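Beneath this line is the structure, given in structure tokens, with notes to follow.
Worth knowing before you read on, the calculation uses all heavy atoms, side chains too, and leaves out hydrogens, waters and symmetry mates. Remember, predicted model here, so these are calculated numbers, not experimental data. Per chain, numbering begins at 1; letters A, B, ... match sequence-line order.
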2 protein chains.
Amino acid sequence: MKVKRDMNGLTEDEFLKSYDVSKFERPSVTVDNLVFAIDEIENNDIRKLNDKRLQVLLVYRENHPFIDKWCLPGGFIKMDETLEEASLRTLEEKTSVKDIYLEQLYTFGEINRDPRTRVIGVAYMALVNKKETKIVDESKNTDWFTIKQIGDELILENDNGIIVRFPDLAFDHGKIIEYGLFRIRNKLEYTDIAFSLLPKEFTMAELQQVYEVILDKKLTKANFQRKIKNKVQCLNKYKTGGFRPAMLYKYNGKKH
Amino acid sequence: MKVKRDMNGLTEDEFLKSYDVSKFERPSVTVDNLVFAIDEIENNDIRKLNDKRLQVLLVYRENHPFIDKWCLPGGFIKMDETLEEASLRTLEEKTSVKDIYLEQLYTFGEINRDPRTRVIGVAYMALVNKKETKIVDESKNTDWFTIKQIGDELILENDNGIIVRFPDLAFDHGKIIEYGLFRIRNKLEYTDIAFSLLPKEFTMAELQQVYEVILDKKLTKANFQRKIKNKVQCLNKYKTGGFRPAMLYKYNGKKH
DNA sequence: TCAAAAGTGTTGGCACTACACCCATGA
DNA sequence: TCATGGGTGTAGTGCCAACACTTTTGA
């Protein structure tokens with residue numbers, strides 16, 4: 001087959017050898033990871049179900065820019081890794097996540113989102129099972145924050161009572177959380193992502209709580225179970241420990 | 001307020017001045033634009049409706065890499081423009097688009113998608129009204145291609161009979177079109193994007209054809225009209241010219 | 001009078017909602 | 001015995017698909 005030559009008479013090999021990557025100014029590219037998990041609040045009243053809350057993982061910035069602010073875990077991508085690999089690598093620097101649900105959210109490209117230089121940020125959304133996700137010891141600067149609605153405003157609060165308003169997050173990470181919240185609420189209704197937030201075995205009430213806490217509304221038990229029952233498989237085992245035993249189920253499909 | 005200093009004793013200003021952008025290798029970033037339009041085939045039989053087809057805009061590559069292949073219009077982003085601005089700029093180099101629907105699709109980051117260097121590609125999907133979108137004269141290398149299903153395979157064909165199979169597109173642009181097709185089919189069902197593909201005034205049959213050609217299935221008239229009727233407004237005008245006059249409608253909301 | 005499209009009506013099924021009820025359990 | 005959750009049943013509503021039908025038009 002004839003080797004193709006361009007208008008300068010170059011073959012592709014010759015062209016690629018002569019291509020000067022430094023000719024154009026290039027932006028930096030980061031991945032920013034929005035990690036959602038469901039937290040369970042232990043309850044003293046054995047009669048009552050444990051309450052659940054929706055949380056995100058934040059990192060305290062000890063360096064400029066946005067020193068002393070909280071941000072999403074992430075970092076600059078390397079030249080020899082894909083975006084998804086970069087997301088997983090930067091997550092593993094902070095947590096022990098493995099085998100998680102990971103989905104690209106959106107790419108943010110405002111010109112001044114980072115004061116250092118032009119930075120394009122590819123946001124990823126991860127859903128993890130909090131009980132299987134430990135924050136690595138080295139990272140005292142990493143913590144889970146609960147998403148709370150106060151009036152019209154969403155805020156973030158950790159168990160030390162530190163409150164972060166969305167606009168006070170570093171960079172445009174408040175916008176990323178808002179967008180991720182929109183996405184997870186939508187996808188909850190037409191996909192099976194909820195199961196990625198739970199352990200393998202769960203009760204119907206626990207599953208329903210996941211939906212309720214993410215959608216931020218009460219659901220009725222009978223209707224919820226009818227809707228979900230073809231997605232789960234009864235295990236003929238009961239969850240005991242405190243209250244009336246509840247049937248355990250597992251997800252019917254592949255998880256991630 | 002006290003100026004914050006980092007562990008090296010630097011203020012943010014000092015830090016930013018000392019920040020060396022060239023310290024890390026950076027990828028290039030492109031926008032790749034997937035432009036959809038509905039084409040109408042004029043029909044000699046006055047009895048029959050004009051057929052419609054779904055088309056995408058492709059550019060013929062006269063340079064390496066992928067010389068002689070077709071690709072999506074797009075280009076490298078500049079340091080002083082947002083992603084969306086880059087998308088619009090690169091589109092305007094090829095067509096007379098204005099006031100179009102534009103939506104970010106997905107960001108592609110495979111390591112070797114471009115043989116020149118590491119390139120992250122942010123894909124955008126645009127929906128245009130073909131009659132108001134002229135290809136600029138300079139661009140003899142730009143053309144509309146119809147998406148056709150041949151057996152299990154999707155192919156692209158322009159009016160000169162040039163056929164391009166998806167894997168034969170330059171870069172990973174075949175994957176982008178596949179993904180965009182998935183997106184537009186989904187969004188057609190739960191949003192009002194269809195109206196972005198039509199002129200301001202249209203008949204019910206024309207609107208239904210848009211849905212049919214994108215979803216690639218026949219719909220029933222009565223059911224379609226019931227579903228759509230709260231989204232449109234009757235204009236009490238008729239489209240004449242050849243056949244039984246049909247009521248004209250316009251979209252009930254804001255278009256983009 | 002015929003083919004094709006414009007336009008409308010009817011029916012049945014399915015999914016979702018609201019609500020109600022009984023059962024099991026530990027304090 | 002009571003509060004709480006586990007688990008199930010029922011009736012009503014509204015959406016949607018399938019299908020059938022009438023009207024209008026130009027050839």
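- For B:Lys229 and C:dT8, the NZ to C1' distance is 11 Å, given to the nearest whole Å.
- Separating the CZ atom of A:Phe224 from the P atom of D:dG6 is a distance of 12 Å, rounded to the nearest angstrom.
- Residues satisfying the ring-ring contact (aromatic ring centres under 6.0 Å, His included) test with A:Tyr101, not counting sequence neighbours, are none.
- When rounded to the nearest whole Å, the span between CD of B:Glu189 and C1' of D:dC16 equals 13 Å.
- In this structure, the CG atom of A:Asn223 is 15 Å from the P atom of D:dA11, given to the nearest Å.
- D:dC15 atom P lies 13 Å from atom NZ of B:Lys231, rounded to whole Å.
- Here the shortest heavy-atom pairing between B:Ile176 and B:Ala123 reads CG2-CB, 3.8 Å.
- Atom CD of A:Gln208 is separated from atom P of D:dT4 by 17 Å (rounded to the nearest Å).
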Annotated protein contacts, base or backbone, on nucleotides 2-7 of chain C with a non-hydrogen cut-off under 4.0 Å, one of B, S, - each: BBBBBB
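- Per the geometry, CG belonging to A:Leu248 stands 15 Å off C1' belonging to D:dG7, to the nearest Å.
- A:Asp32 and A:Lys175 are not joined by a salt bridge, as no carboxylate oxygen comes within less than 4.0 angstrom of a charged side-chain nitrogen.
- A distance of 8.5 Å separates CG in B:Leu181 from CG in B:Leu34, rounded to the nearest 0.5 Å.
- Residue B:Asn230 contributes atom CG, which lies 14 Å from atom C1' of D:dC16 at whole-angstrom precision.
- No hydrogens or angles considered: nothing links the side chains of B:Asp39 and B:Thr146 as a donor-acceptor pair under 3.5 Å.
- Residues passing the ring-ring contact (aromatic ring centres under 6.0 Å, His included) test with A:Tyr238: none are found, sequence neighbours excluded.
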